[in-house]
Undergrad: 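Handing you this structure, nothing more for now.
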Amino acid sequence: MSAAASPDYEMVVGLEVHVQLKTRTKAFCGCSADFGAPPNTNVCPVCLALPGALPVLNQHAVELALRAALALDCKVNATSVFARKNYFYPDLPKGYQISQYDRPLAEKGWLTIGELDDGTPVRVGITRVHMEEDAGKSVHDRYAGATAIDLNRAGVPLIEIVSEPDMRSAAEAGAYLRLLKQILSYSGVSDVSMEEGSLRVDANVSARIRGATQLGTKTEVKNMNSFSAVERALDSEFARQVALLESGGTVTQQTMLWDGAKGETRASRTKEESHDYRYFPEPDLPPLVLDMEWVGRVGRAIPELPDARRKRMIGEYELSAADAELLTASAGMSEYFEAVARASLDPKAALNWVMGEVSAAVNAAGVRIDEFPVRPADLGELLRMVREDVVSHTAAKRVFARMVETGKPAAQVAAEEGLQKVGDDAALVEWIDEVLRENPAEAARYKSGETKLQGVLVGLVMKKSKGRADPRKVNQLLSERARV
Amino acid sequence: MAVTGQDVLKVAKLASLAVDEGKLDALARELNSILGHMEELGKVNTERILPAEGLSSGGQRLRADHGPADALAHAPADFAPEMRDGFFIVPRLATHEGSSERTP
Amino acid sequence: MKPPPRAPASAAKLLSRPLTECVACVREGAALPSDLVSAAFDRADDIGAGSESLNVFLATDRERATEHAKGLTALIGRAEAPGNLAGVPVAVKDNIATLDMPTTCGSRILEGYVSPFEATVVRRLRANGAVIIGKTNMDEFAMGSSTENSAYGPTRNPVDIRRVPGGSSGGSAAAVAAGIVRLALGSETGGSVRQPASFCGIVGVKPTYGRVSRYGLVAFGSSLDQVGVLARTVEDAALGLEVIAGCDQFDSTSADVPVPRYELEKNAGLKGLVIGKPREYFPERLDPRIAQECERALDAYRELGAEVREVSLPHTAYSIPVYYIVAPAEASSNLARFDGVRYGLRVPSERGLAGMYEATRARGFGPEVTRRILLGTYVLSAGYYDAYYKKAQSVRALIAQDFRDVFASGVDVLFTPTTPTPAFELGAVKDPYEMYVSDIFTASANLAGVPAMSIPIGDARGLPVGGQIIAPHFAEPVMFRAAFGLERALAGELLPGEKSA
């Protein structure tokens with residue numbers, strides 16, 4: 001049964017988002033937080049939980065967590081407390097996770113995810129933002145009958161962002177996640193990549209009769225690896241709950257796992273009642289007492305957030321709202337655009353190139369914009385060359401392609417490839433004569449007055465010149481040759 | 001709040017400790033005897049008292065975001081019960097046969 | 001050019017001299033560190049420190065110790081500063097991580113485990129020229145008051161081998177009392193340095209919480225644990241503490257407070273000092289011999305110009321219940337890492353991973369550790385947290401307030417008995433709670449985080465009696481001042497101008 005067929009029920013969603021903070025080292029030790037090292041090489045006494053090891057908190061992790069909290073308009077607690085969440089799991093080396101429990105870093109924020117037709121903003125409340133550490137990685141499919149444990153990721157700093165159950169559809173949840181991702185990326189808090197695991201989403205979902213004020217029994221849905229998977233999982237789980245309720249059943253509070261291949265949620269095999277985490281204040285870490293002046297400085301240093309950037313760019317570069325929306329979808333892309341616009345002094349051209357050639361090339365190469373070999377200053381130089389007629393628009397695309405391959409600056413590529421515009425009469429005349437020789441029939445008809453062939457012949461000359469010929473001059477010279 | 005053998009069993013599960021069925025009642029008696037002395041605390045009025053948390057005053061000292069971490073004088077392979085290709089090896093979890101599910 | 005060494009001092013004799021003398025001889029080349037190390041090992045052999053008798057050590061490494069000692073001689077040869085403990089043989093409790101020897105915590109679960117990193121306190125000892133000669137026996141994971149809970153057999157008291165040395169730092173106390181070393185490291189959670197020091201007739205110091213780094217000390221009750229020193233004299237203890245104290249980048253709970261030179265208190269005198277005598281520490285049922293020795297000590301204080309003032313710490317009676325909730329709760333979590341995954345014992349099971357965990361921990365932990373893990377897990381579990389753990393932490397705040405109040409009233413230090421009884425016979429205390437009550441006079445200082453020490457003040461029927469001096473946070477100097485004065489008075493040695501009243 002689909003959700004659409006049950007107009008009497010409304011979906012209620014709250015999201016728990018785990019985000020890996022972009023630090024160089026782990027939360028509680030000096031080990032590198034990078035991915036990709038051989039197993040168990042980014043480890044030390046602390047993250048191996050050797051007897052006698054103790055945690056010491058990374059200041060930059062606190063700073064990034066604060067940035068996230070402040071960007072989400074949360075109230076920062078001057079004193080917050082770390083706690084131990086106790087459970088046994090082979091990739092949890094201490095037998096507890098250091099997290100925050102009843103006194104989190106920050107609380108009571110919100111995120112505006114859109115507006116109603118009448119202009120009323122749609123806000124999702126942020127219950128809390130707290131700091132914690134990641135567990136290691138368990139590999140279950142590498143060896144028969146055994147689980148392999150890699151602790152490189154153990155102790156990497158995370159924040160958990162818990163929302164209020166304020167979303168009413170999968171689409172709203174999707175909008176919340178996309179906006180949240182943008183904000184965290186803009187503020188430099190995280191790489192926010194679900195593929196790399198630096199952003200993970202669990203959803204609490206329940207169904208209730210529309211208009212009811214009480215919440216229904218919720219389930220927690222896990223194991224979603226993309227935003228669209230979250231949306232599909234929510235719809236599917238909601239439909240399952242509605243079907244249950246309509247047939248007179250009740251929803252059991254439990255953890256559900258999303259099976260993307262089957263497109264359905266199924267109950268997790270772990271027992272709820274076995275979870276008694278025995279939280280208590282982490283005695284190895286005194287309470288985190290923040291200097292509120294520092295918190296203020298962290299807040300003021302937050303880079304421009306997407307909403308502000310959109311508004312500014314519309315004014316500064318005369319962009320349409322739609323173009324600004326597209327450009328600011330990614331912090332990196334909008335920064336790239338701005339740098340190109342400034343270097344080329346031609347925002348219109350910069351927009352066309354960034355949305356066209358650059359996006360295509362970045363997608364084709366499968367890299368992030370900050371890894372893209374053509375730096376904004378070099379692209380700006382190329383656009384300047386086009387404007388100043390040093391290269392033709394056609395040649396510029398070839399120059400750009402070579403820049404992508406080689407990473408060399410525009411002028412150097414144009415020179416090496418001989419792609420500067422050729423306006424020299426002798427060279428042009430030579431190409432024109434060659435074309436006329438190679439196409440004697442057309443040449444004859446043209447000379448006999450069939451002037452509509454002029455375009456065809458100019459095209460052939462341009463092709464022969466590999467786009468370097470100045471078309472204005474070719475036209476002029478060709479007309480002159482015809483009169484000879 | 002008298003502790004029963006069943007309570008001991010539950011707590012032992014939480015603590016991942018195998019306990020002989022035959023010893024449950026004896027352990028329960030021991031815990032009850034110890035906890036009995038703890039009931040003394042009920043006499044103290046703590047209504048307006050903030051529980052002690054961390055004896056060091058002035059909050060937490062933070063470290064700068066750089067290494068190196070404290071070095072290991074010998075590698076995990078020297079002390080690990082079982083290692084393969086750099087991984088610690090444990091028996092596979094029953095709940096993970098053929099899935100990639102992870103609890104909490 | 002190096003001056004020719006003066007006539008070699010007898011290393012064996014030096015071991016019975018104060019550390020300052022010993023270190024001076026080493027620096028001047030009159031004694032070789034390797035000779036001191038040999039003398040310590042010879043003494044251990046002579047006294048019967050082996051497992052069949054005193055059972056002081058869980059590991060020794062004569063070869064490595066001798067190597068370290070020779071390295072030190074080379075250092076002195078190059079006229080480099082060898083440190084404040086140059087050539088001093090030191091014994092280290094087995095829950096303090098060392099690279100040289102295993103660190104087992106007296107437990108089967110860590111049998112043979114050699115730590116790949118060294119505790120900050122051990123690094124500081126080494127940087128100051130000390131030579132680690134062995135790891136001392138202890139109650140498993142420091143849980144006990146008699147060293148009978150070691151998986152490797154009990155340690156016996158050198159004063160009377162039928163009796164326990166106290167615990168949990170019983171091996172370290174025995175090593176000092178038997179004259180094998182002048183200095184040993186122990187650890188405290190509820191009295192584990194002071195109580196064995198008292199039972200063995202030596203000095204034991206528990207510093208302020210945060211005074212000494214816990215990095216490399218295997219955690220038992222993290223909010224209570226502190227490394228301490230055991231020595232024959234107050235001065236030796238002061239020197240030892242000075243070396244290991246100080247802030248550490250690897251311990252968030254270590255305090256950034258300068259380390260004073262404690263031994264400078266030696267000649268400060270007692271005039272004007274206000275000694276508080278808390279009435280709760282002198283109950284009617286106190287062993288009369290212990291009460292008598294305490295009164296003698298208080299008289300000595302009065303005679304040397306200190307004022308003795310009766311005071312009250314009203315929440316003292318709750319220290320044992322509070323301690324036996326907080327410490328096991330923290331322990332239940334601290335000991336979760338012993339799961340057979342990354343190091344230590346692993347017992348395979350037919351019931352997969354969960355079975356492996358349960359079998360490993362059941363086989364690896366002894367009965368007292370098991371009891372405390374169960375107790376600690378219970379008091380933290382859903383439905384009991386508020387009634388036990390939270391309640392205990394609230395009463396703990398009141399206990400700490402008692403100390404703040406009494407020190408704010410003008411009292412410099414408190415004087416109490418260290419233990420309610422002298423050393424008991426092996427096997428004499430069977431009921432767990434009866435054993436817990438051994439900590440009745442010591443646990444409060446751990447709960448409040450204040451420094452405290454035990455010094456020998458006499459004997460009861462031939463068994464040593466310890467007196468306890470408790471001071472405010474980071475007021476170790478005044479604690480040492482009171483200790484130096486009492487030690488001197490009881491030995492009948494007076495400072496110039498110090499006259500018996």
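A, B, ... follow the sequence lines: proteins, then strands. Residue 1 opens every chain.
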Undergrad: Can you tell which part of C/R363 gets under 4.5 Å to a heavy atom of chain B, answering side chain, backbone, both or neither?
TA: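 Neither the backbone nor the side chain of C/R363 comes within 4.5 Å of chain B.
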Undergrad: Check whether C/Y215 gets within reach of chain B through its side chain, its backbone, both or neither, counting any heavy atom under 4.5 Å.
TA: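 The side chain, not the backbone.
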Undergrad: Which residue out of B/T46, B/I49, B/L41, B/I89 racks up the most heavy-atom pairs below 4.5 Å with chain C?
TA: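 Going by pairs under 4.5 Å, I would pick B/L41.
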Undergrad: May I have the step-by-step check of side-chain contact (heavy atoms from CB on, under 4.5 Å) for B/L50 and C/S394, ending in yes or no?
TA: CA-CA 6 Å; B/L50 280 179; C/S394 301; over 6 Å; no
Undergrad: Chain B heavy atoms under 4.5 Å from C/S381: which part of the residue, side chain, backbone, both or neither?
TA: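 Interface part for C/S381: side chain.
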Undergrad: Heavy-atom pairs under 4.5 Å with chain B - which of C/G340, C/A359, C/P321 has more of them than the others?
TA: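 Counting heavy-atom pairs under 4.5 Å, the top option is C/P321.
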Undergrad: Hey, what do you get for NE2 (C/H473) to CZ (C/F407), rounding to the nearest 0.5 Å?
TA: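 With rounding to 0.5 Å, NE2 (C/H473) is 9.5 Å from CZ (C/F407).
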Undergrad: Between chain B and each of C/V114, C/I399, C/T370, C/L99, count heavy-atom pairs under 4.5 Å; write down the option with the most.
TA: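 Of the candidates given, the most pairs with chain B belong to C/V114.
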Undergrad: With a 4.5 angstrom heavy-atom cut-off, which part of B/L72 approaches chain C: side chain, backbone, both or neither?
TA: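 Both parts, heavy atoms under 4.5 Å.
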Undergrad: How are the rings of C/F338 and C/F365 set to each other: parallel, tilted or perpendicular (split at 30° and 60°)?
TA: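 The arrangement is perpendicular - the two ring planes meet at more than 60°.
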Undergrad: Is B/N45 close to chain C through its backbone or its side chain, or both, or neither, when contacts mean heavy atoms under 4.5 Å?
TA: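 For B/N45, the contact with chain C is made by the backbone alone.
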Undergrad: Got a second to check how far C/S319's OG is from C/L398's CG, nearest 0.5 Å?
TA: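 The OG atom of C/S319 sits 13.0 Å away from the CG atom of C/L398.
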Undergrad: Which of the residues B/V90, B/V8, B/D70 is involved in the greatest number of heavy-atom pairs with chain C at under 4.5 angstrom?
TA: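 When all of B/V90, B/V8, B/D70 are compared, B/D70 has the most.
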Undergrad: Among B/D7, B/L62, B/V44, which has the most heavy-atom pairs under 4.5 Å with chain C?
TA: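 Highest number of heavy-atom pairs under 4.5 Å: B/V44.
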Undergrad: Can you tell me which portion of C/S115 sits under 4.5 Å from chain B's heavy atoms? Options are side chain, backbone, both or neither.
TA: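 Just the backbone, heavy atoms under 4.5 Å.
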Undergrad: Atom CD1 in C/I373, atom CG in B/L14: separation rounded to 0.5 Å?
TA: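 C/I373 CD1 to B/L14 CG: 12.5 Å, rounded to 0.5 Å.
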Undergrad: Could you tell me which portion of C/V326 (side chain, backbone, both or neither) has an atom closer than 4.5 angstrom to a non-hydrogen atom of chain B?
TA: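 Contact with chain B involves no heavy atom of C/V326 at all.
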Undergrad: Return the option, out of B/A73, B/S33, B/A18, with the maximum number of heavy-atom pairs under 4.5 Å with chain C.
TA: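 Option with the greatest count: B/A18.
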Undergrad: Between B/R63, B/M83, B/E82, which residue shows the highest count of heavy-atom pairs closer than 4.5 Å to chain C?
TA: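 Top count of heavy-atom pairs under 4.5 Å with chain C: B/E82.
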Undergrad: Mind listing the closest non-hydrogen atom pair of C/P328 and C/Y323 along with its distance?
TA: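 In this case the closest contact between C/P328 and C/Y323 is CD-O, 3.5 Å.
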Undergrad: Is the shortest side-chain N to carboxylate O distance from C/R351 to C/E358 below 4.0 Å?
TA: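 Looking at C/R351 and C/E358, the cut-off is met.
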Undergrad: Give, as side chain, backbone, both or neither, the part of B/A75 having an atom under 4.5 angstrom from any heavy atom of chain C.
TA: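 For B/A75, neither part sits under 4.5 Å from chain C.
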Undergrad: Any chance you could measure C/M356, atom CE, to C/R361, atom CZ, to the nearest 0.5 Å?
TA: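 Here the interatomic distance stands at 11.0 Å.
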Undergrad: What distance do C/N149 atom CG and C/R371 atom CZ have between them, rounded to the nearest 0.5 Å?
TA: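 Going from the CG atom of C/N149 to the CZ atom of C/R371 covers 8.0 Å.
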Undergrad: Just so I understand: if I count every heavy-atom pair under 4.5 Å between each of C/E118, C/Q249, C/R346 and chain B, which residue has the most?
TA: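 Of C/E118, C/Q249, C/R346, C/R346 has the most heavy-atom pairs under 4.5 Å with chain B.
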Undergrad: Among C/V395, C/L335, C/D431, C/T360, which residue has the highest count of heavy-atom pairs closer than 4.5 Å to chain B?
TA: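 So the answer, after comparing C/V395, C/L335, C/D431, C/T360, is C/V395.
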Undergrad: Is it the side chain or the backbone of C/A317 that comes within 4.5 Å of chain B heavy atoms, both, or neither?
TA: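 Neither part.
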Undergrad: Can you check salt bridge (Lys or Arg N to Asp or Glu O under 4.0 Å) on C/K206 and C/D225, steps first, answer last?
TA: CA-CA 9 Å; C/K206 182 207 89 82; C/D225 293 343; over 6 Å; no
Undergrad: Between C/Y113 and chain B, with a heavy-atom cut-off of 4.5 Å, which part of the residue counts as in contact: side chain, backbone, both or neither?
TA: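 The side chain, not the backbone.
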Undergrad: Tell me which of these, C/I320, C/L374, C/I325, has more heavy-atom pairs under 4.5 Å with chain B than the rest.
TA: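 Ranked by heavy-atom pairs under 4.5 Å with chain B, first place is C/L374.
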Undergrad: Give the intermediate values and the outcome of salt bridge (Lys or Arg N to Asp or Glu O under 4.0 Å) for residues C/R372 and C/E368.
TA: CA-CA 6 Å; C/R372 293 205 202 180; C/E368 182 60 28; 2.7 Å; yes
Undergrad: By a 4.5 Å heavy-atom criterion (distance strictly below it), what part of C/L375 contacts chain B: side chain, backbone, both, or neither?
TA: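 Looking at C/L375, backbone and side chain both touch chain B.
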Undergrad: If you round to the nearest 0.5 Å, how far is OH of C/Y378 from CD1 of B/I34?
TA: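 With rounding to 0.5 Å, CD1 (B/I34) is 12.5 Å from OH (C/Y378).
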Undergrad: Provide the closest heavy-atom pair for C/T189 versus C/A327 in the form atom of the first, atom of the second, distance.
TA: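 Nearest heavy atoms, C/T189 then C/A327: CG2-CB, 4.5 Å.
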